[in-house]
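Quick one: the structure is below, questions incoming.
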Amino acid sequence: MKIFLDGKFVSENEAKVSVFDHGLLYGDGVFEGIRTYDGRVFRLDEHLSRLEQSANSILLKLPVGRKEMREAILETCRRNHLRNGYIRLVVTRGLGSLGLNPFQCPKATLIIIGAKISLYPAGVYRRGLDLITAVTQRNSPRSLNPAMKSLNYLNNILAKIEAVQAGKDEAVMLNAEGYVAECTGDNLFVVKGGSFYTPPVSAGALQGITREVVKELVKEHFGRMVQEVNLTRHDLFSADECFLTGTAAEVVPAVSLDGRSIGGGKPGDTTRKLMKKFALLTRREGVPFEKGRKA
Ligand code: PMP
């Protein structure tokens, strides 16, 4: 595996950052997870826009511009023959002293890892996820805004620990008002009476790239607009269907929450249709990276 580290491709063994990197010391940095399908990078510019917005929000100057970043990603895919894979793009605040002050870090560190993807196990896509509600609340937009995809994921990790300890697949995170925000690494949707709902970004949801894709698919195939509204646990218990979306997870059904079955405890037809349409779309579009291949 060849990893892009600050302008050079290095082997896995050589891909090391300093113990004084503020990404390690403080979780000070931003990242993206991106997919390749059939030799194309899916929604590359959308991911790069979100990265730029996250970086801007924490006053982190990206070490290279959009064009160079794009090329570095495509080259990472080429060197790793990443026809169907996952790219982890990480920008840390870089090398500094032990103090918090980010302005003493002269240059951000850029890391691009091309890897194989670990989705949920295949069976989960057939039987659906069992969820719990985490006691750990989603970060408030007034403290660490969840709209920024920062390296600081402890909030999500604490909720994931709750799910694992409860023997369930995933945790739903609520915000301080008790409304559903999202899951630990995925957005959440419900379907009820033919309408589609998802929490708004203001409720603590990340503006997921897959969430946007699903909105497009719902419009195209069901002639509906997804409604961004505050959702309660009760809304989830009483939904016809529930599913999660994310770059790694794609579209995955959820069939129970806190011991209540959702929609009869089986993945619904609407969710299954969206899973199929999503799979078709990912095979149709994207930025090709293999030499001589046209978009
Ligand atoms: N919420 C969180 C907290 C995430 O980390 C992610 C990405 N893994 C998502 C939602 C889904 O976003 P996307 O569809 O852009 O991957």
Side-chain angles (χ1 to χ4, degrees), residues 27 29-37 41-55 57-58 73 85-91 113 115 117-120 124 129 131 133-134 136-141 143-163 169-175 179-190 196 198-218 226 228 231 242-254 271 274-275 277-279 281-282 285-286:
V30 293
F31 79 102
E32 283 293 321
I34 309 172
R35 284 294 293 274
T36 62
Y37 294 99
V41 186
F42 189 63
R43 301 272 159 138
L44 176 57
D45 283 297
E46 287 82 347
H47 282 285
L48 291 177
S49 296
R50 189 171 65 186
L51 184 86
E52 288 160 6
Q53 287 162 20
S54 298
S57 200
I58 66 164
I73 292 169
Y86 180 82
I87 301 152
R88 176 58 61 87
L89 175 59
V90 182
V91 187
I113 307 167
I117 181 69
S118 70
L119 299 174
Y120 289 111
V124 157
L129 298 166
L131 310 176
T133 306
T136 308
Q137 277 175 10
R138 191 73 182 103
N139 282 328
S140 155
S143 51
L144 185 60
N145 195 332
M148 307 180 306
K149 203 161 163 54
S150 85
L151 289 182
N152 210 306
Y153 255 51
L154 255 187
N155 181 230
N156 315 55
I157 290 166
L158 290 173
K160 189 74 188 183
I161 287 172
E162 291 185 48
D169 300 303
E170 245 301 336
V172 174
M173 300 187 77
L174 308 180
N175 61 26
Y179 293 113
V180 173
E182 59 182 344
C183 288
T184 68
D186 297 311
N187 290 111
L188 183 145
F189 286 73
V190 297
F196 295 77
T198 196
V201 171
S202 59
L206 181 75
Q207 188 144 26
I209 307 297
T210 322
R211 177 180 180 268
E212 292 305 311
V213 173
V214 164
K215 283 190 199 166
E216 292 167 21
L217 292 174
V218 166
V226 173
E228 296 195 19
L231 296 171
C242 177
F243 60 87
L244 313 189
T245 66
T247 294
E250 305 180 317
V251 179
V252 56
T271 305
L274 279 170
M275 290 164 71
K277 297 295 176 192
F278 183 82
L281 180 73
T282 54
E285 62 165 66

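This is a predicted model, so every value here is computed, not measured. Each ligand, and each atom within it, is numbered from 1 in the order the structure gives.
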Distance, nearest 0.5 Å, that separates CZ of Arg50 from NZ of Lys149 =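 Answer for the CZ-NZ pair, Arg50 versus Lys149, is 5.5 Å.
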
Could you tell me whether Tyr153 and ligand 1 have an N or O pair separated by under 3.5 Å?
->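 Tyr153 vs ligand 1: N/O contact under 3.5 Å present.
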
At a 4.0 Å threshold, what atoms of ligand 1 neighbour a non-hydrogen atom of Asn156?
->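 The list of qualifying atoms is 3 (C).
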
Leu206 contact mode with ligand 1 (heavy-atom cut-off under 4.0 Å) |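 Leu206 to ligand 1: side-chain contact only, backbone stays beyond 4.0 Å.
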
Which distance, rounded to the nearest 0.5 Å, do you find between the CG of Asn187 and the OG1 of Thr245?
->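 Those atoms lie 4.5 Å apart.
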
State, yes or no, whether a side-chain contact exists between Tyr179 and Leu231 at a heavy-atom distance under 4.5 Å.
->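 No, too far: nothing below the 4.5 Å cut-off.
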
Determine the minimum heavy-atom distance between Asp169 and Lys160, stating which atoms define it.
->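 That closest heavy-atom pairing would be O-NZ, 3.3 Å.
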
Between CZ on residue Arg43 and CG on residue Leu48, distance to nearest 0.5 Å |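 Going from the CZ atom of Arg43 to the CG atom of Leu48 covers 13.5 Å.
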
Is there a nitrogen or oxygen of Arg211 sitting under 3.5 Å from a nitrogen or oxygen of ligand 1?
->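 The answer is no, given that Arg211 and ligand 1 share no N or O pair closer than 3.5 Å.
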
Let me know which of Leu174, Leu188, Leu206 forms a side-chain contact (heavy atoms from CB on, under 4.5 Å) with Glu182.
->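 Testing Glu182 for a side-chain contact (heavy atoms from CB on, under 4.5 Å) against Leu174, Leu188, Leu206 leaves exactly one candidate, Leu206.
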
Distance filter under 4.0 Å to Thr247 heavy atoms, resulting ligand 1 atoms |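 So the answer, numbered in order with elements, is 13 (P), 14 (O), 15 (O), 16 (O).
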
Is there a donor-acceptor contact under 3.5 Å from the side chain of Ser49 to the main chain of Asp45?
->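 Yes, Ser49 side chain to Asp45 backbone: donor-acceptor pair under 3.5 Å.
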
Donor + acceptor pair across side chains of Thr210, Glu250 (<3.5 Å) |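 Note: Thr210 and Glu250 side chains miss the donor-acceptor criterion.
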
Decide whether the shortest distance between a heavy atom of Gly185 and an atom of ligand 1 is less than 4.0 Å.
->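 It does; at least one heavy atom falls under 4.0 Å.
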
Run the numbers for me: atoms of ligand 1, each under 4.0 Å from some heavy atom of Gly208, listed by number.
->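 Those atoms are 12 (O), 13 (P), 14 (O), 15 (O).
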
Examine Arg50 against ligand 1 and note whether any of their N/O atoms are separated by less than 3.5 Å.
->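 Between Arg50 and ligand 1, an N or O pair is found under 3.5 Å apart.
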
Closer than 4.0 angstrom: is that true for some heavy atom of Glu212 and an atom of ligand 1?
->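 Judged by the 4.0 Å heavy-atom criterion, Glu212 does not count as contacting ligand 1.
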
CD on Gln137 to CG on Asn175, rounded to 0.5 Å =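 Result: 7.5 Å between the selected atoms.
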
For atom 2 (C) of ligand 1, the protein heavy atom that lies nearest, with its residue and separation |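 Of the protein heavy atoms, Glu182 OE1, 3.5 Å lies nearest.
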
Mark up the atoms of ligand 1 that fall under 4.0 Å of a heavy atom belonging to Gly246, in ascending order.
->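 In order of number, 11 (C), 14 (O), 16 (O).
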
Please report which non-hydrogen protein atom sits nearest to atom 14 (O) of ligand 1, along with the residue it belongs to and the distance in Å to one decimal place.
->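 Result: Thr210 OG1, 2.6 Å.
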
May I ask you to list the atoms of ligand 1 that are less than 4.0 angstrom from any heavy atom of Asn187?
->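 Answer for ligand 1: 10 (C), 11 (C), 12 (O).
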
Thr36 (side chain) donor-acceptor with Gly85 (main chain) under 3.5 angstrom =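 Flag set: sc Thr36 to bb Gly85 pair under 3.5 Å.
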
For Lys149, is the nearest heavy atom under 4.0 Å from an atom of ligand 1?
->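 Yes; Lys149 lies near enough to ligand 1 that a heavy-atom distance drops under 4.0 Å.
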
Within a distance under 4.0 Å of any heavy atom of Thr184, pick out the atoms of ligand 1 and give their elements.
->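 Those atoms are 3 (C).
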
